[in-house]
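Here's the structure we're looking at; comments come further down.
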Amino acid sequence: MTSIYKTQATALAGRNGQVKTDDGILSLELSYPKEMGGTGAATNPEQLFAAGYAACFSNAILHVARESKVALQAAPVTSEVGIGPNGSGGFALTVSLTVNLDLPREQSLELVRVAHQVCPYSNAVRGNIDVQISVNGQLI
């Protein structure tokens, strides 16, 4: 694959440190969430992943809509990311994507199904992370 964009981020001390992109636009303190014994005083990798997946999936829906000549101005997506033990001594993630589109039911479902095939985040996690998707309240 030929990349059309690349970026770099460096984490300095894991979950209780800092993460910063090479251009300095993103520079955040990190901390464990309270649920994992931390202070919850700063963001964490799961929040960053949730934000990235929500933005990417929303854009994939808008891209598919444009390609399909469907007039769609917004594609709200809420991404919920969970982390827990995987039963093998490590940890695993779960993802739930909630999509709300102002389109007829079948058209909404089809756009989201295709977007799930187009989205780079979906393609990266397929087969590795349990991803649940609901569209206008309907699980697909």
Side-chain angles (χ1 to χ4, degrees):
M1 178 189 91
T2 302
S3 296
I4 56 175
Y5 172 74
K6 291 182 182 181
T7 188
Q8 293 181 346
T10 302
L12 299 178
R15 290 178 168 272
N16 280 319
Q18 182 189 44
V19 65
K20 183 177 180 179
T21 56
D22 59 338
D23 60 10
I25 292 174
L26 178 74
S27 181
L28 299 169
E29 296 299 317
L30 300 174
S31 70
Y32 277 95
K34 288 181 181 181
E35 296 84 351
M36 294 175 69
T39 65
T43 194
N44 60 66
E46 290 72 36
Q47 289 175 324
L48 296 172
F49 187 76
Y53 203 161
C56 192
F57 201 80
S58 177
N59 196 73
I61 294 167
L62 293 170
H63 170 78
V64 171
R66 272 191 309 277
E67 294 289 312
S68 303
K69 309 285 190 247
V70 174
L72 188 62
Q73 299 302 314
V77 174
T78 300
S79 173
E80 180 180 275
V81 172
I83 185 171
N86 66 4
S88 301
F91 295 89
L93 299 175
T94 61
V95 173
S96 174
L97 301 174
T98 302
V99 181
N100 291 292
L101 299 179
D102 189 20
L103 293 171
R105 179 180 172 271
E106 286 306 316
Q107 191 174 34
S108 295
L109 292 170
E110 183 59 22
L111 278 178
V112 171
R113 283 186 186 110
V114 174
H116 191 43
Q117 299 304 310
V118 169
C119 176
Y121 274 66
S122 292
N123 288 329
V125 304
R126 187 170 288 111
N128 297 307
I129 296 176
D130 180 29
V131 178
Q132 300 290 319
I133 303 173
S134 68
V135 182
N136 297 344
Q138 180 180 343
L139 194 62
I140 62 169

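Every value quoted in this text rests on a predicted model; they were computed, and no experiment measured them. Atom set for the values below is all heavy atoms of this structure, side chains included, hydrogens, waters and symmetry mates excluded.
When every heavy atom of A71 is checked against every heavy atom of L103, the shortest pair comes out as O-CD2, 4.3 Å. For the residue pair A74 and L101, the shortest heavy atom distance occurs at O-CD2, 4.1 Å. For the residue pair A60 and C119, the shortest heavy atom distance occurs at CB-CB, 3.8 Å.
Using a cut-off of 4.0 Å between Lys/Arg side-chain N and Asp/Glu carboxylate O, E46 and R15 are scored as salt-bridged.
Between the side chains of S122 and Y53, at least one donor N or O sits under 3.5 Å from an acceptor N or O. For the residue pair S27/Q18, the side-chain donor-acceptor check at 3.5 Å is satisfied. Under 3.5 Å, the side chains of D130 and Q132 contain a donor-acceptor pair of N or O atoms.
Residues I133 and H116 meet the side-chain proximity criterion, which asks for heavy atoms closer than 4.5 Å. Between K20 and L26, the closest side-chain pair of non-hydrogen atoms is not below 4.5 Å. You'll find the side chain of P76 stays beyond 4.5 Å of the side chain of S58, heavy atoms only. Here the side chains of L97 and T78 are not in contact, with every heavy-atom distance at 4.5 Å or above. Within the 4.5 Å cutoff, the side chain of T98 has no heavy atoms near those of the E80 side chain. Looking at N16 and Y32, their side chains come closer than 4.5 Å, going by heavy atoms from C-beta outward. A heavy-atom distance below 4.5 Å is not found between the side chains of Q117 and V64. Considering only heavy atoms from C-beta on, V125 stays 4.5 Å or farther from V95 through its side chain.
The environment of D102 atom CG is sparse: at most 12 non-hydrogen atoms of other residues, nucleotides or ligands sit within 6.0 angstrom. By the 6.0 Å contact criterion, CZ on F49 is enclosed, its count of non-hydrogen atoms from other residues, nucleotides or ligands being greater than 12.
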Q: Give the intermediate values and the outcome of side chain to side chain contact (heavy atoms under 4.5 Å, CB included) for residues L30 and L48.
A: CA-CA 10 Å; L30 300 174; L48 296 172; 4.2 Å; yes
Q: Would you sort out whether I61 and V118 count as a side chain to side chain contact (heavy atoms under 4.5 Å, CB included), showing the intermediate values?
A: CA-CA 9 Å; I61 294 167; V118 169; over 6 Å; no
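Here CG of N86 is found 8.0 Å from CZ of F91. Values are rounded to the nearest 0.5 Å. In this structure, N136 CG and L109 CG are separated by 7.5 Å, a value rounded to the nearest 0.5 Å. Atom CD of E67 sits about 12.0 Å away from atom CG of L62, to the nearest 0.5 Å. Between the CG atom of D22 and the OG1 atom of T10 there is a distance of 7.5 Å, given to the nearest 0.5 Å. The distance from the CG atom of N44 to the OG atom of S31 is 7.0 Å, given to the nearest 0.5 Å. From T7, atom OG1 reaches atom CG of D23 across 5.5 Å, with rounding to the nearest 0.5 Å.
Listed for the S88 side chain is no donor-acceptor partner under 3.5 Å among the backbone atoms of G90.
No continuous path of ILVMFWY side-chain contacts below 4.5 Å connects V19 to M36, so the two sit in separate hydrophobic clusters.
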